[in-house]
Amino acid sequence: MITEKNTELNGLTLNGFSKEDIGDDHLFTSLDTPMKANAFGMSNDEKKKRISILFSEIMDVIGLDLTDDSLQGTPDRVAKMYVEEIFSGLDPKNKPKVALFDNKYQYNQVLVEKNITFYSNCEHHFVPIIGKAHIAYKSSGKVIGLSKLNRIVQYFAKRPQVQERLTNQIANELKTVLQTEDVAVIIDAKHLCVSSRGIQDDTSTTVTTYYGGEFNNPSKILELQNYINN
Ligand SMILES: [Zn+2]
C-alpha cells in the first residue's frame, strides 16, 4: 500500500541511489507525474513534427535505412502515437469530464468495477505495462457512470508511468470526483521491461493497492479480494 508516509520514506531512501539504480529498480520520486513548467507551450502539431525528426535520428543511429519503404513512415507514426494515443494522458485537456448523479436508489453499499484492462508505459524504459485495474467505491450520495471509472483509469495510464503512481493518481481522482475518501484501487500488471528484457521474468506480475477511508480495514480488504478473485 502506498500512503503519504511511504512516499516520504521513499523519498529518503532514494538518496544515494544512482540514476541507473532508480530506473532498474523502478523506484520513483513523486506522486505527481514529473512535468516541466511549460509542458504545453508547444502545439500538438509541433510536438509531432519534432518527435518525428528526433525518432528518425534514433532509427538512423541504430543503423536502419530510412529510405526503405517499410521504415519511411515510422517516425511520423511513432510521433502521432506518442502525442495522440499512448501519452495523451499527460495533457489535462484530455482528462475525462465526469458528471455526478444523485444516488436516487439509495444504494449505499460497495460498488466494484473489476478487470478494467489498461495499457501504459514504464517511464524508466518506455516499454509497455499491461494490466487490470479493479476499482471500488462507496457512494457519498453521488454516483458516476460506470464507463467513467474506466475512462479515469485510461487517462492516467496513457502516460509514462510507474505502477505505484498510477494507482495513487487514479485513487486521488476518484476521491475528488466522488467526493468521498471511501475508494479502493487494486492494480495487477505485467511490466514488459521485466519480461522482455532485463531479468526476463515472464511470469511475475506486480500488484499495487490503495485502500482509502472505510476500505482501509482488514475485513473490507478481504471482502474486496473475494469480489475480485471470483
Ligand atoms: Zn521499466
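Every number for a ligand or one of its atoms is a count from 1 in the order of the listing.
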Backbone N/O of D202 and side chain of S195: donor-acceptor pair under 3.5 Å
no
For the Zn ion (ligand 1) the protein N, O or S atom count under 2.8 Å stands at 4
Sub-3.5 Å donor-acceptor pair from the side chain of Q72 to the main-chain atoms of T67, do we have one?
yes
Side-chain donor-acceptor pairs under 3.5 Å in residues 140-148, sequence neighbours left out?
unit_1, atom_1, unit_2, atom_2, d
S140, OG, L178, O, 3.0
S140, OG, Q179, O, 3.4
K142, NZ, D102, OD1, 2.7
K148, NZ, K97, O, 2.9

I need the K175 NZ to E181 CD distance, nearest 0.5 Å.
4.5 Å
T205: partners by side-chain hydrogen bond (donor to acceptor under 3.5 Å, both in side chains), with sequence neighbours left out
D188
Of all residues at least two apart in sequence or in a different chain, which pass the side-chain hydrogen bond (donor to acceptor under 3.5 Å, both in side chains) check with S43?
E46
